[in-house]
Structures are given as structure tokens and as C-alpha cells.
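One structure is given below, encoded as C-alpha cells.
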Amino acid sequence: MLTSIGQFNNTMHLIFFDDDNRQRLLPLTFTRPVAEIRLGILTLREKWERRLGASGSSFRSADYLRVKYGFAATDDNLWINGSVIADDALVSAVQQLEKGSCLCAGEVVIAARTDQAAAKDGGSDPDFSAMKPVEYGGSLEQVRYPWDIFSKNGKGIEADFALLTKGRTSAPLSASNRVIAPERVFLEPGAKAECAILNASAGPIYLGKDAEVMEGAMIRGPFALCEHSTVKMGAKIYEGTTFGPECKVGGEVSNSVIFGYSNKAHDGFLGNSVLGEWCNLGADSNNSNLKNNYSVVKVWSYEEETYVNTRLQFCGLIMGDHSKCSINTMFNTGTVVGVSANIFGTGFPPKFVPSFAWGGSEGFSTYRLEEAIEVASRVFERRKLAFNDAEQRIFRHLYDSSTKYRAW
């Protein structure tokens, strides 16, 4: 029944569960389970599914997210901690689990195997403490804080590149490009680049299906450009950077991750940052990623409800889904922006901007919910998608639950 790495018993159903790390990863997890975070080329979920050969999965996350990220259970379920980054050694250990056992690393539950009765129809997680523990002796990588995403992204790109390209041949790359280490550049069907500089000597460069690198762009790997995304003319992209699907990016970007469906289409600097989906940065917007005194950066923590020490010297902007800023916006080092905030005006906005905030350095008011939904609907329509009832119900829940931060 259990098979080698890269194969999977297809009767077993994957369920990705959130642990305490979900709260630490806000605002990025306000709108998605932890396993839907993109790190490297793939999401955390996709890394597991590809290695296990699984065709589908479900989620056990916050109750309000179930309208979009549903729960299901079968007679044979493999529960996977959504914050854990899959690798071949870990997958091999997970494949050996028997029903009623769980794989652990100290206090961290990595995975567990249950029948349908133990799944409790999604009402709660199984009682992992009552299962037979199996201690995992290998190294374990997790995404526990928002800044882990850009910090671990370079290694993530390299691992995903190896997984996605093994045994495959790249689509042809135009001779108009200047390429260093071409053997580490891979184009999916429909991807194209013209008159660009691609330097893969320090890490691979991956261009997804129908992605485009325009003329004059300069890119250093590790770098990932996912399907239907565009790097605009003259852009300067440094290592450890990922642009998810359907993004348009220009200007200067260093060691940053954009989950998808977001735009930073013009000049301006984005460094050591994470943007969710459906974000937009106006022309010439910039973030600081290093303090003038070179000290470590503190950022707002939803879990602690205060600023916490990242222990990093470089940390830029963390922005939740659907948030936007006007032209020439300046973000301080370690700024955190919630969901569907609209930032504009002169000067630096505060280092913590709550969800549904409307304003900037001179003060905020509340972004009216119906207007926020109307804007989100227009943005979805531009991508030929619908901001449907499930999306709206998540929006309404977040609006109602974020009032305590809107004390202006």
C-alpha cells in the first residue's frame, strides 16, 4: 500500500490543518489556510501534493474560511501540518505512518493518519495526543512568521525548481537574451523573454507557463515568475524573489514574495517583503528594509498585540490581501498592513495599518465595507473572475472582527 517517494496511495485523503502558527502569520492568513502560502515556486500545499502524487486535498482552518477552503474526510486520511515545508526525507517518513499514529518533532505534530471517525467531520482536529507517536529524527523546516517567507524563499525556489524540472526539457530561450548559467534557466511552455539579462550562477531562474520577461530586465536567481505573470521593461530583480501567478512587476525588487494576482507595475523599491493576493502598489512607492541605525527590526504581531523582535536586520513590508497604496507611498521598515486597506497621502503611514483602514500619515477612517466589496469585485472582473458569495462572506467576517483595531 505504501510506496516510494513520488508515489502515493490515492485512496488516502490529504487534510491540511492549521496550528498555532496561523495566528503568528496574520495578516497573510486572514484570507487563507497556512498551507496556501506561497514559498519558492509552489504553495506549501502544492509541495506536499506533488511529492505524494495526490490529486486533491481539503483543509481544517478557521471556521469562517470553510466557505472557500472546504473540509472533507474519507476512511483513510493523512493530516498534514500546513506550516511544515515538505522535503523527500519528510515525505518518506510520512508515508510509513499507520492509522492511529502521528509523526512528531518534539512538540510539533507534523502529520497523522486517521480514519473517518477520528476526523469528526471537521468539528475539531483529531486528538493527536491519544495517537501512537512516531518521533521524526530529521531536520524540520516550518513557516512560523511572515518574515520566514522571504527568509526561506531562496532555498524554496531551488527545491521547487529541482522538483518541477527533473527529467524535463526547458522551452527554448530567445538568443536575444544575455544568459549566465543557462543550464539553470527553465521556461515552461509559452514563457518568453527578450533582450533581458538572466544570471542563474547563484541560483535557478524559473519562468512559468505564458510568463513574460520584457526587454531590458535584469534578473538574478534564485528567481521564480509564475504563470501568466510579467516582469516589465528595465526591472531590476534580485535573488530570493518570487512573483506568483497573474502579477505585473517593475522597478527594483529584492528577496520578496508576491503570492499572486498583485501588481507593482512601476518604479520604486520593494525589499525583504511579502505581499498577498490582489494588492497594488502605486508608481514610485518604496519600502525601507533597513533601519538607519542598523538595529534589528520590530513588527506588529496580531498574536501578541504589540511589536515583536524579528531578530532580522532586513525586514520590509508585510501586506495582506486586497490592500493598496497610492503613488509615492513610503513604508517604514517592518510595516504590517492588514486586509483591504487603502493607503494614500504624504509622509510615512504608521508601521501598523489595520484591515479596512482608509488614509495615511495624517490619520485614518474606516473603508466602508460595501465600497471595499465593490472595488474587489472590479479587480476580480479584470481577471475574468467573480468576487462570489464565499469571498464576500470572508470579507464581511474580517470587517466585523477587526473593529477593535479601528479606534480613530
Side-chain angles (χ1 to χ4, degrees), residues 26-28 146-147 149-151 231-232 234-238 240-241 243 247-259 262-302 306-310 312-367 372 375 379 405-408:
L26 297 173
L28 302 170
W147 51 90
I149 298 169
F150 65 77
S151 298
V231 173
K232 300 191 75 177
K236 295 177 285 187
I237 313 298
Y238 292 88
T241 293
F243 304 144
C247 293
K248 294 181 181 178
V249 183
E252 183 177 1
V253 183
S254 177
N255 188 203
S256 295
V257 178
I258 302 178
F259 285 176
S262 293
N263 292 338
K264 180 205 170 300
H266 306 286
D267 285 344
F269 175 72
L270 182 72
N272 301 100
S273 297
V274 184
L275 307 185
E277 294 183 335
W278 310 105
C279 299
N280 189 76
L281 303 187
D284 286 322
S285 292
N286 294 277
N287 79 274
S288 167
N289 63 341
L290 174 68
K291 297 174 68 174
N292 287 350
N293 61 3
Y294 297 84
S295 62
V296 294
V297 181
K298 292 184 178 181
V299 304
W300 175 261
S301 165
Y302 285 88
T306 187
Y307 291 90
V308 298
N309 190 342
T310 66
L312 296 176
Q313 194 175 57
F314 289 89
C315 185
L317 171 67
I318 309 296
M319 179 177 278
D321 288 8
H322 293 280
S323 286
K324 299 167 178 61
C325 70
S326 68
I327 62 171
N328 297 309
T329 301
M330 300 181 294
F331 291 102
N332 262 308
T333 321
T335 294
V336 173
V337 178
V339 173
S340 191
N342 198 314
I343 303 165
F344 54 87
T346 61
F348 287 92
K351 284 190 59 175
F352 171 52
V353 179
S355 298
F356 300 97
W358 176 281
S361 61
E362 297 180 1
F364 287 97
S365 60
T366 299
Y367 194 178
V375 170
V379 172
Y405 294 115
R406 301 197 298 268
W408 35 69

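The shortest side-chain heavy-atom distance between Phe150 and Asn289 does not fall under the 4.5 Å cut-off. Counting only heavy atoms from C-beta outward, the side chains of Lys324 and Phe344 never approach each other to under 4.5 Å. Two residues are said to be in side-chain contact when any heavy atoms from C-beta on lie closer than 4.5 Å; Pro27 and Val336 meet this criterion. Residues Phe243 and Ile237 are in side-chain contact: their nearest non-hydrogen atoms beyond the backbone lie under 4.5 Å apart. For the pair Val375 and Tyr367, the minimum side-chain heavy-atom distance is below 4.5 Å.
Of the possible polar contacts, one joining the Ser256 side chain to the Ser273 backbone as a donor-acceptor pair under 3.5 Å is found. Looking only at distances, a side-chain donor or acceptor of Lys351 sits under 3.5 Å from a matching main-chain atom of Lys298. Distance alone, capped at 3.5 Å, places no donor-acceptor pair between the Ser301 side chain and the Tyr307 backbone. Listed for the Asn286 side chain is a donor-acceptor partner under 3.5 Å among the backbone atoms of Asp284. Here the side chain of Ser254 pairs no donor or acceptor atom with the backbone of Asn272 at under 3.5 angstrom. No donor-acceptor pair under 3.5 Å is formed between the side chain of Glu277 and the backbone N or O of Phe259. Put simply, the side chain of Asn287 never gets that close to the backbone of Phe331: no donor and acceptor are under 3.5 Å apart. In this structure a side-chain-to-backbone donor-acceptor pair under 3.5 Å is present from Lys264 to His266.
Aromatic rings of Phe364 and Tyr405 (six-membered ring for Trp) have centroids beyond the 6.0 Å cut-off, not under it.
Nearest heavy atoms, Pro146 versus Leu28: CB-CD1, 4.1 Å.
Classification of the Trp278-His322 ring pair by plane angle, with boundaries at 30° and 60°, yields parallel. Taking the six-membered ring for Trp and thresholds of 30 and 60 degrees, Phe352 and Trp300 have nearly parallel ring planes, at less than 30 degrees apart.
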message = Would Met319 and Val353 count as a side-chain contact (heavy atoms from CB on, under 4.5 Å) here? Give the steps.
response = CA-CA 9 Å; Met319 179 177 278; Val353 179; over 6 Å; no

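Environment of NZ in Lys291: crowded, with over 12 heavy atoms of neighbouring residues, nucleotides or ligands closer than 6.0 Å.
Atom CZ of Phe348 and atom OG1 of Thr329 lie 11.0 Å apart (nearest 0.5 Å).
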